[in-house]
Amino acid sequence: MTDAPLILPDSAGPGSSADDELLAGLNPQQREAVTYRGDALLIVAGAGSGKTSVLTRRIALLLHRREAWPSQILAITFTNKAAGEMRERVAELVGDASRGMWISTFHSACVRILRREAEQFGFTRNFTIYDSGDSRALLKRLVKDHEADAYGFTPSAVQSRISKLKNELLDAEGYARQANMSDPAERKFVEVFTDYQRSLQKANAFDFDDLIGQTVFLFRAFPQVADSYRRRFRHILVDEYQDTNHAQYSLIRELTKPVAGKAPEPYAADGMMIFEPDPTPAPGEDATAASLTVVGDSDQSIYAFRGADIRNITEFERDFPGAKVVLLEQNYRSTQNILSAANAVIGNNFDRKAKNLWSDRGPGDKIVGFTGYSQHDEAQFVADEIEELRRAGYPYSEMAVFYRTNSQSRALEEILIRSAVPYKIMGGTKFYERAEIKDALAYLVAVANPADDMAVRRILNRPRRGIGAVTETAIGAFAEKQGISFRDALRHADGLGVGPKLQAAISRLDAVLAEAADLLTPASGEVPPATSVAEGLKILLEKSGYFEALRASRDPQDEARLENLDEFVAVARDFARNNPDGTIVDFLAEVALVSDADDLDDASGVVSLMTMHTAKGLEYDAVFVTGVEEDLIPHRISAGEPGGPQEERRLFYVGITRARKRLHLSLAMTRAQFGEVSVAMPSRFLQEIPAELIDWRQSPGDVNSRGGMRSRALNARRPGGWGSGSTKDDHFGVRALPQRDRLTPLSTAMDRFPNKVTGKVRDNGDLELAAGDRIRHDDFGEGRVEAVTGEGAKRIAHVQFDTAGRKKLLIKIAPIVKL
DNA sequence: AGTACATCCATTTTT
DNA sequence: TGGATGTACT
């Protein structure tokens, strides 16, 4: 992939044709963003304005013009996926030179730094990383130990508070100083926080927030360490800057401070080399502070709830006096109609810097609007429309359906399955959150970082060895008394005062862990090959009896668990292939920092379903934004939060701007939630879109919440289209209904479509259908089978219904009978 | 240790 | 409504 660089690093100097090539096709603003040189540059990059291109070319140009060595560049993104993409695109431009650069997420960059410096402050380099599940589990125990639940603290509440504080770089002590400590609940919280931090340290572990926060502390506490990185990184680039929280912001600030000390110190405290000594003095060696480039769009800030501070970007110019600001407003993604809608919506956010996206790809199609009676009706519209687009030549992989909350996916899934539309839910159940995977990970952690009690405790009785809570406590007490770790206590089964059976079980576990440790972390200190990770994993799972227990089980789910574990072993093998020098510690870090959203984007040939949050950074030819209702988008809970509605508007904006050519906005008049059917109102954001941009297939005014449609004739000029309440819009209902075949009920007939599509899963067994058969469908009426495709449980009937048009149905589950 | 019942609770989640 | 979690039985 990197072997065919477009431009060889040494091919030419400034002003060369290779330079031109790097700047080719850029608009003036983009060009400015690529070529500007100065201490601080803010690139305000509207949606679809080509920011990745700008960023990668900026890097390439720095290298190409010899303004920087690869090792002097630090490019930071938020997701592994974004980092991977950037690395790839830089490699396309500069070839192998891209290897010396740090292009990574905040978190992995910090892990790299912390690994080198961990010994400085009481950790060892094989520390483990606690994901949020791990920290919640730890907090669960601590909340109980401290009886904090009596004060109404739940583990997750404590977790989110701690996380917020860490994002603000406050530790327990710092918080205690400014908190009202006469409040017993506050004291309790501080107690738990303190203990949590102590436990992490004892386990030689960092949680996600610590990775950033502790790196900042490290830099502040050890200026010479900070200096060594400041000397190294001369060009720092940060993507999605609007999503940085205070800790991340501080990290960037630390790195862009002028170098304080004089003596170059290319080595970390442990003697590890930080940068390759270059034979030639590095360009910019005498510069005092690194140059900083940040890219972002405050209109796409949708993570305030996780501590992202939009002010980091809005106040950039104040933070970095003399900063240059470049505005990228030309959008290369969407048609003008889509952009106009997006602009109109986001324009309602006050206190925002004006920005107007424009496109030169013409107006394009109008936005399609649809109001369903129920969420199922809405889903049917989506399914029908997807099929229509499909027939028009759009591949499934170029279509996406967005929603605000995960629970909305259910109705969509039901209908999509029935309509035989292949789909994939992005960011759904996380692979690494499955119990069996966490178990396997715990085995590895127990080997890699024996100080991590949590991991050892987790595997103590997995598979079942008869080691219960009592024994676990005994081991813990023994460890405490002997001043050894929980892991080491397993070696002394005979000293625990437990029965012989238990002793044997404990010793067996100890032996398995020891065997794997021999392989993975040999006492000789020699580094085992990366392939040994997969081997060690297999040893652990096999010899611990984990596999055996699953194989012996007759729980059908255990079969799936086995498959998942096989997949996990395959992940370990992949890792070895991609990281020939990787160790078990590297593997664990990678796994902890990688989300499966990263690799699932290859959703080849299927429609993607996801929340609007997940959609950020992605784009599709056709986009469906569903559930455009009050209380959903904007979500009702956001109403009470300061800045809430504005963030919701940005979220909607993000959703809209994902679409290249076709945008569909849909809603339902009634929505079953929490077991109750409630009447939904169209979202206020809909009214913010100019009426002429939307082609309503069925407008809110056409549908009432009792399940009928108004007569078209009556509806044609009717004030008060909202169905309930508002009286001031001609937005909806003005248009008489669409250009579809008017004789058939629009969409699926809502009167015949009660909101219980759900029903029981129907099983038509071996119902045989062939072309020419006539069938009756519960919802669509009678029709003629035109073809049958697929096999077994996935056989699909292509049916031409007499009134409902052409549909694809999964024969096995469709509510049909052969006539 | 495993099951059955009860209870609570329902945004978003790059790492 | 349903799912996740906790408690009380067997």
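Small disclaimer: the values here were computed from a predicted structure and weren't measured. By convention in this document, chain letters (A, B, ...) are assigned in the order of the sequence lines, proteins followed by strands, and residues within each chain are numbered from 1.
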### Query
What about A:F316 and A:Y241, are their ring centers closer than 6.0 Å?
yes
### Task
Rounded to whole angstrom, note down the P distance from C:dT5 over to B:dT12.
15 Å
### Task
Find out whether the Lys NZ or Arg CZ of A:R115 is both under 6.0 angstrom from the six-membered ring centre of A:F127 and within 45° of the ring's axis.
yes
### Summary
Whole-Å distance, A:E676 CD to C:dT1 P, equals 10 Å
### Message
Using every non-hydrogen atom in the two residues, find where A:K616 and A:E240 come nearest and quote the distance to one decimal.
### Response
NZ-OE1, 3.6 Å
### Task
State whether the aromatic ring of A:F305 stacks on the base of B:dT12, taking stacking to mean ring centres under 5.5 Å apart and ring planes under 30° to each other.
yes
### Query
Is the phosphate of B:dT11, meaning OP1 or OP2, less than 4.0 Å from a side-chain N or O of A:T611?
no
### Query
Counting only side-chain N and O atoms of A:N406, is one of them less than 4.0 Å from OP1 or OP2 of B:dT12?
yes
### Task
Could you state the atom-to-atom distance from CZ of A:R636 to P of B:dC9 in whole Å?
16 Å
### Message
Pick the closest DNA chain B nucleotide for A:S407 and for A:S132 by heavy atoms, then say which residue is nearer the 5' end.
### Response
A:S407
### Query
Can you tell me how far P of B:dT13 sits from CG of A:D131, to the nearest Å?
16 Å
### Task
Determine whether any donor atom in the side chain of A:R410 lies under 3.5 Å from an acceptor atom in the base of C:dT1, or the reverse, and answer yes or no.
no
### Task
Rounded to the nearest angstrom, tell me the gap between atom CZ in A:F106 and atom C1' in B:dT15.
11 Å
## Note on the structure
Considering only heavy side-chain atoms of A:T614, the closest of C:dG6, B:dT11, B:dT13 is B:dT13
### Query
For A:N80 and B:dT14, is the shortest distance between a side-chain N/O and OP1 or OP2 below 4.0 Å?
no
### Query
Just how far, in rounded Å, is P of B:dT11 from OH of A:Y303?
16 Å
### Task
Mark this stacking check for A:H107 against B:dT15 as yes or no, applying ring centres under 5.5 Å and ring planes under 30°.
no
### Query
Looking at the side chain of A:R464, which of B:dT15, B:dG2, B:dT13 is the nearest nucleotide?
B:dG2
### Query
Taking syn as any angle within 90 degrees of 0 and anti as the rest, which one fits B:dT11?
syn
### Carboxylate-amine/guanidinium proximity below 4.0 Å for A:R650 and A:D299
no
### Query
Rounded to the Å, how far apart are A:R306 CZ and B:dT14 P?
6 Å
### Query
Rounded to whole angstroms, how far apart are CG on A:L618 and C1' on B:dT14?
11 Å
### Task
Decide if the gap between the ring center of A:Y229 and the ring center of A:F219 is smaller than 6.0 angstrom.
yes
## Note on the structure
Comparing A:E240 with A:I637, nearest DNA chain B nucleotide closer to 5' gives the residue A:I637
### Task
Measure from the side chain of A:L593, starting at C-beta and using heavy atoms only, and say which of B:dT15, C:dG6, B:dT12 lies closest.
B:dT15
### Query
Touch check for A:E641, heavy atoms < 4.0 angstrom, all strands: base, sugar-phosphate only, or nothing?
base
### Message
Using whole Å, what does the distance between atom P of nucleotide B:dT11 and atom CD of A:E629 come to?
### Response
15 Å
### Listed nucleotide nearest any side-chain atom of A:H613, set B:dT13, B:dT14, B:dT11
B:dT13
### Query
Between A:K164 and B:dT13, does any side-chain N or O lie under 4.0 Å from OP1 or OP2?
no
### Message
Considering every strand and a 4.0 Å limit on heavy-atom distances, what is the contact class for A:Q673: base, sugar-phosphate, or nothing?
### Response
nothing
### Query
Any donor-acceptor pair under 3.5 Å linking the side chain of A:R333 with the backbone of A:T657?
yes
